[in-house]
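Let me begin by presenting the structure, written as structure tokens, before commenting on it.
We're numbering straight along the sequence, starting at 1. First listed ligand is number 1; within each ligand, the first listed atom is number 1. What you see is a predicted model; the values in this text were computed from it and never measured.
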Amino acid sequence: MTNKKKILLSGIQPSGQLCIGNYAGALKNWVNLQEEYDSIFLIVDLHALTVKQIPSELRNRCLSFLAQYIACGINPDKNTIVIQSHVPEHAELAWVLNTITSFGELSRMTQFKDKSKKHSNNINVGLFTYPVLMASDILIYQADMVPVGADQKQHLELARDLAGRFNHNYSDTFPIPEPFIPKSGARIMSLQEPEKKMSKSDENVNNYIALLDAPDVIIKKIKRAVTDSNTDIVYDEKRPGLANLLTLYTILTNTTIDETVGHFKGKMYSQLKSELGEVCVEYLKPMQSEYNRIIQDKVYLNEILKVGAEKARYKARRTLSKVYRKIGLVPLPR
Ligand code: TYM
């Protein structure tokens, strides 16, 4: 028996502004699980290149995301936080995995179909092979557990298939990674269009609450959230706007849907919105003040990135060497 902790890995694309959807689906669970696992948290800048980026903004956003991870409660002393491009092995393993991935299975990826529609003037090959790079992120560290929101389930299934395929073609190399998808908050919906998911890169900023939104902005966005023409407060998925606000309330107050519905029984939508606004502002306040402190300290942030890259590269290099050997590439003679 060994006491070695299992490996947890997850990541977020530095695009747009980190939002309450990313928090509910991913970050909150990272914080809760970080003690139990040997954890690696990525800022996946190479993934972000699949849509057009302004270079200076992308650069700043990576540091801002790092500071937000820490401000949300990720402990950089106990975990590895790393920018994807600092570990070139991700892209190298992705190439190998590309050669065992079929065109057909990537064509079935719903996120590829959605993003191709959204960015019809930039359907680049990177957008198509994006899930293979994600599989590489996971497999390069031999991850056992991957906490994500519901929208990443299909990508994770591909990572599992590729791990199994590689193991079968060569020999046991990768653990089959397990998804961790929270029961509540796995799919937070847009505030203005509650039939679609909340997205941090939505063009309409009123569709999401950014973790760094000012209090008056949060209150205004929630007040304007689209609900329906009913008046009673019940949890009904056919009323997605209301269901979404109730879900957000349960996440931010750490209660159940039944408790939340009980709390708002007989009250009006306007009361739910104003209480949710207050709760959200209070919830984000400590995180925001911590962020404002950390983001000033570039020396501290750079040090985390240096240590993170070094730890991550060591692990990634070991996996990649093993993979290269198994598939028949000639090692560089010493
Ligand atoms: P990304 O950057 O779109 O989203 C980051 C995380 O937030 C979750 N999420 C949501 N959860 C609940 N409700 C929402 N409305 C919502 N929107 C986003 C996502 O499910 C995700 O967990 N491909 C990934 C990033 C990635 C990755 C990885 C994740 C790259 N490599 C390896 C895990 C492991 C992505 O684009 O997530």
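- Glu105 and Arg165 are joined by a salt bridge, as a carboxylate oxygen and a charged side-chain nitrogen come within less than 4.0 angstrom of each other.
- Distance from atom 10 (C) of ligand 1 to its nearest protein heavy atom, with residue and atom name: Gly21 O, 3.4 Å.
- Close contacts of ligand 1 with Met198, meaning ligand atoms under 4.0 Å from a residue heavy atom, involve 14 (C), 15 (N), 17 (N).
- A salt bridge is defined here as a Lys NZ or Arg NE, NH1 or NH2 lying under 4.0 Å from an Asp or Glu carboxylate O, and Lys315 with Glu89 fails to meet this definition.
- Proximity to Gly185 (heavy-atom distance under 4.0 Å) selects the following atoms of ligand 1: 12 (C).
- Using 4.0 Å as the threshold, Ser10 has a heavy atom nearer than that to some atom of ligand 1.
- Counting atoms of ligand 1 from 1 in the listed order, those under 4.0 Å from a heavy atom of Ala26 are 6 (C), 7 (O), 22 (O).
- Shortest contact from atom 22 (O) of ligand 1 to any protein heavy atom: Gly149 N, 3.2 Å.
- A salt bridge does not link Arg59 to Asp45: none of the charged side-chain nitrogens sits closer than 4.0 Å to a carboxylate oxygen.
- With respect to Arg187 and Asp151, no salt bridge is recorded, no charged nitrogen being found less than 4.0 Å from a carboxylate O.
- Close approach of ligand 1 to Gly25 is summarised as follows: ligand atoms under 4.0 Å from at least one heavy atom of the residue are 11 (N), 12 (C).
- The ring of Phe112 has its center closer than 6.0 angstrom to the ring center of Phe128.
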Test log, rule salt bridge (charged side-chain N to carboxylate O under 4.0 Å, His left out), inputs Asp213 and Lys221: CA-CA 10 Å; Asp213 271 345; Lys221 284 182 179 178; 2.7 Å; yes
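- Side chains of Thr255 and Thr260: a donor on one and an acceptor on the other come within 3.5 Å.
- For ligand 1, the atoms lying closer than 4.0 Å to a non-hydrogen atom of Val44 are 30 (C), 31 (N).
- Residue Gln111 places every heavy atom at 4.0 Å or more from ligand 1.
- The side chain to side chain donor-acceptor pair (under 3.5 Å) with Thr173 is formed by just one residue from the set Gln142, Lys326, Lys322; it is Lys326.
- Looking at atom 37 (O) of ligand 1, its nearest protein heavy atom turns out to be Gln152 NE2, 3.7 Å.
- Contact annotation: for Asn22 versus ligand 1, heavy atoms closer than 4.0 Å belong to both the backbone and the side chain.
- Looking at Lys115, Arg187, Lys200, Lys197 and measuring to atom 2 (O) of ligand 1, the nearest heavy atom belongs to Lys200.
- Under 4.0 Å is where a charged nitrogen must lie from a carboxylate oxygen, and between Lys306 and Glu310 no such pair does.
- Looking at Ile188 next to ligand 1, an N or O pair under 3.5 Å apart turns up.
- Only the side chain of Asp137 comes within contact range of ligand 1, with a heavy atom under 4.0 Å; no backbone atom does.
- Among all non-hydrogen protein atoms, the one lying nearest atom 19 (C) of ligand 1 is Asp151 OD1, 3.3 Å.
- At under 3.5 Å, not a single nitrogen or oxygen of Ile12, backbone or side chain, sits near a nitrogen or oxygen of ligand 1.
- Not a single N or O atom of Val148, backbone or side chain, sits closer than 3.5 Å to an N or O atom of ligand 1.
- Using a 4.0 Å cut-off between heavy atoms, Val146 contacts ligand 1 through its side chain alone, with no backbone atom that close.
- Considering only non-hydrogen atoms, atom 12 (C) of ligand 1 lies nearest to Ala186 out of Pro131, Ala186, Ala159.
- Considering both main-chain and side-chain atoms, Gln13 comes within under 3.5 Å of ligand 1 through a nitrogen or oxygen pair.
- Note: His155 and Tyr130 have tilted aromatic rings, judged against thresholds of 30 and 60 degrees for the angle between ring planes.
- Of the N and O atoms on the side chains of Glu193 and Asn207, at least one donor lies less than 3.5 Å from an acceptor on the other residue.
- Taking every non-hydrogen atom of Tyr130 and a distance limit under 4.0 Å, the qualifying atoms of ligand 1 come out as 23 (N), 24 (C), 35 (C), 36 (O).
- The six-membered or imidazole ring of Tyr283 lies near that of Tyr23, with a centre-to-centre distance under 6.0 Å.
- Leu9 and Leu305 are assigned to two separate hydrophobic clusters, defined by single-linkage of ILVMFWY side chains at heavy-atom distances under 4.5 Å.
- Within the structure, ligand 1 lacks Ser199 among the residues with a heavy atom less than 4.0 angstrom away.
- At a 3.5 angstrom cut-off on N or O pairs, Leu9 does not count as close to ligand 1.
- Of the heavy atoms in Leu156, none comes closer than 4.0 Å to ligand 1.
- The His47 neighbourhood of ligand 1 comprises atoms 30 (C), 31 (N), with distances under 4.0 Å to a heavy atom of that residue.
- Using modelled atom types, one side-chain atom of Lys273 and one backbone atom of Ala225 make a donor-acceptor pair closer than 3.5 Å.
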Given salt bridge (charged side-chain N to carboxylate O under 4.0 Å, His left out), test Asp232 with Arg239 step by step and report yes or no. CA-CA 11 Å; Asp232 57 331; Arg239 291 161 64 182; 3.2 Å; yes
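- With respect to atom 25 (C) of ligand 1, the closest heavy atom belonging to the protein is Gly11 O, 3.5 Å.
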